[in-house]
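Beneath this line is the structure, given in structure tokens, with notes to follow.
In what follows, every chain begins at residue 1, and chains take the letters A, B, ... in the order their sequences are listed. What you see below is based on every heavy atom in this structure, not just the backbone, and it leaves out hydrogens, waters and symmetry mates.
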Amino acid sequence: VNGLDAGARVAQAMQEQLGAALHGVAREPADAVRLVIDRAAVRPATLALRDEFDARFLISVGSDRRELGGGFCVEHIFSLDHDHLYVVLDCAVAEDDARIDSISPLVPGASWAEREFRAG
Amino acid sequence: MLADDWPDGVWPLRRDVPYDLQPPPATGVRPPLNPAPEGATVLAMGPFFPVLEEPAYFRLFVEGETIVGCDYRGFYNHRGIEKLGDSTLTYNEVPYLAERICGICGFIHSTCYCQAVEKAIGVEAPRRARFIRTLMLELERVHSHLLWLGIAGHILGFDTVLMQTWRIREPVMWLAEEISGNRKTYGMNTVGGLRRDLKAALVPKILEVLAEVERESLAVRDAIVGDSTLHARTRGVGVLTREWARSICVVGPPARASGLAIDARVDHPYAAYDEVVPRIAVQGAGDTWARVLVRVEELLESIRLIREAARALPEGPILATLPERVPDGRVGISVVEAPRGEAVHYVMTGGDNRPYRWRVRAPTYPNLQAVPAMIVQQTIADVPIVLGSLDPCFSCTERMEAVDVRSGALRVYTPQELLALSRSARGGAPR
């Protein structure tokens, strides 16, 4: 792990923890790493970011991506302050089963942001 | 968050829901408030309360004078800003809306939005534009922190502080008007840089005004640091522990006053903060006094940063060359350290010259969530200054009573009556 930049370290740790539940990693723009994960893995991914990387939750984004060929999407955005890096957990949510586990039990500060998904 | 009369099953941020949809008001859908613990009495503070002057409802649970719990109801004024930004406005119209998210932090939100788009499309504002943005952002912090000091003094009944700090602040507003054409620094930002340059002749004037603001701010600081009444009202009052601040993701001066050395200018440098580096003000006590000290230190630090930015201001263009067509499906995340804390803007680009998704998080959003823990075991009289010490910024609206001046009869409008009245007052038909 030594020698890797923070984004690569996060991606590697997630690969080890989530296995096949990590569907993809994107590094664009340069100050962010996007982890496309199975929605069922949102809690273990959040726990790893919080406990192993001291990640600070910023906000969640609910999006309607049906026009783009997807369903709905929940993105949880974290900051790794010391590494000047954003980490995005990108979770696809099917239109006919629009549910995802709450991360508020792990990150109480996500409570209001998660309540907004009912509006999205 | 949705209005109390928004019907279930209507999802306003879905792409197929028009921005001007006005469904019939629903009843009985308002989220219930928590009941008071056994033996406690409910004391309603808000939605309109004289020392807060913005709509928020704190349902205090009290035993005698002591607060034993609290429930909160906010979001009284839903403006649909994100929906407008990704359904009706174009990329370069959004900054005019973004800067109206807040009555104080206008330049902050327009900068944050523009930076998010710039990152998404891989464009960097020219160096001169980034220095001018830095200067304007710090000017906003100077006038905002002076404004807050005055309000804090007012809440505590120390109106001399209010009068003096607002007097000191006023030349900063005049300066902003000379630079931007508007006291509120509106209309300067655009995607890729600035619409308006900083005139060379204004730089010496900026330095001159700041010298006076600094001299007078130091006098205010020296007058209040040893004031025993202020200490009595703020030391040990409204303590926000470091652990809870971290857990609830508090930002800005409240976080730094609780020992968290986070600051978007340092954690995610933007504008010219990689060259004009701020010193982060940190205190450890987590009480209201610590939040006063952090803001006073930041006020003086902002003056230093403006001086540095003005003296190092490079020549050159103020607007980058933008691509003919903005590529769609790109994401940019931007943070800006507002006076109240970190603002976050997320933009996903769309194919029709506007964002596909625009998400905004203002700093009061996480900070307010810390309030219930901060006021437990405090007295009722301390609640206004504890809330005020977060420098909360709600979008503005008011509830009202109507008094018949002839009979003296008082009438309180119900939420349904107020909604019907506001709709009929603008012509009755949905816009």
Using non-hydrogen atoms and a 4.5 Å limit, figure out which bit of [X] sits close to chain B: side chain, backbone, both or neither.
{"X": "A/Asp81", "answer": "both"}
{"X": "A/Ala30", "answer": "neither"}
{"X": "A/Ser104", "answer": "neither"}
{"X": "A/Arg65", "answer": "both"}
{"X": "A/Ile77", "answer": "side chain"}

Pairs touching residues 344-355 of chain B that satisfy salt bridge (charged side-chain N to carboxylate O under 4.0 Å, His left out), sequence neighbours left out:
B/Asp352-B/Arg354
Between [X] and chain A, with a heavy-atom cut-off of 4.5 Å, which part of the residue counts as in contact: side chain, backbone, both or neither?
{"X": "B/Glu82", "value": "neither"}
{"X": "B/Ile262", "value": "side chain"}
{"X": "B/Tyr356", "value": "side chain"}
{"X": "B/Pro363", "value": "neither"}
{"X": "B/Arg359", "value": "side chain"}
{"X": "B/Val331", "value": "both"}
{"X": "B/Val250", "value": "neither"}

Can you check salt bridge (charged side-chain N to carboxylate O under 4.0 Å, His left out) on B/Arg14 and A/Asp64, steps first, answer last?
CA-CA 6 Å; B/Arg14 289 187 178 179; A/Asp64 176 357; 5.6 Å; no
Salt bridge present between A/Asp90 and A/Arg34 (N-O < 4.0 angstrom):
yes
NE2/A/His82: more than 12 non-hydrogen atoms of other groups inside 6.0 Å:
no
Atom pair [atom1] ([X]) and [atom2] ([Y]), whose distance is rounded to the nearest 0.5 Å:
{"X": "B/Glu124", "Y": "B/Gln115", "atom1": "CD", "atom2": "CD", "answer": "10.0 Å"}
{"X": "B/Leu240", "Y": "B/Arg246", "atom1": "CG", "atom2": "CZ", "answer": "13.0 Å"}
{"X": "B/Leu13", "Y": "B/Asp86", "atom1": "CG", "atom2": "CG", "answer": "7.0 Å"}
{"X": "B/Thr111", "Y": "B/Glu118", "atom1": "OG1", "atom2": "CD", "answer": "9.0 Å"}
{"X": "A/Leu49", "Y": "A/His76", "atom1": "CG", "atom2": "NE2", "answer": "11.0 Å"}
{"X": "B/Ser258", "Y": "B/Glu243", "atom1": "OG", "atom2": "CD", "answer": "9.5 Å"}

Largest heavy-atom contact set with chain A, pairs under 4.5 Å, which of B/Asp16, B/Val344, B/Val251:
B/Asp16
Please determine if B/Arg361 forms a cation-pi arrangement with B/Tyr346, meaning its NZ or CZ atom is less than 6.0 Å from the six-membered ring centre and no more than 45° off the ring axis.
no
Does the ring centre of B/Phe75 sit less than 6.0 Å away from the ring centre of A/Trp112?
yes
For residues 37-47 of chain A, give me every residue with a non-hydrogen atom less than 4.5 Å from any non-hydrogen atom of chain B.
none
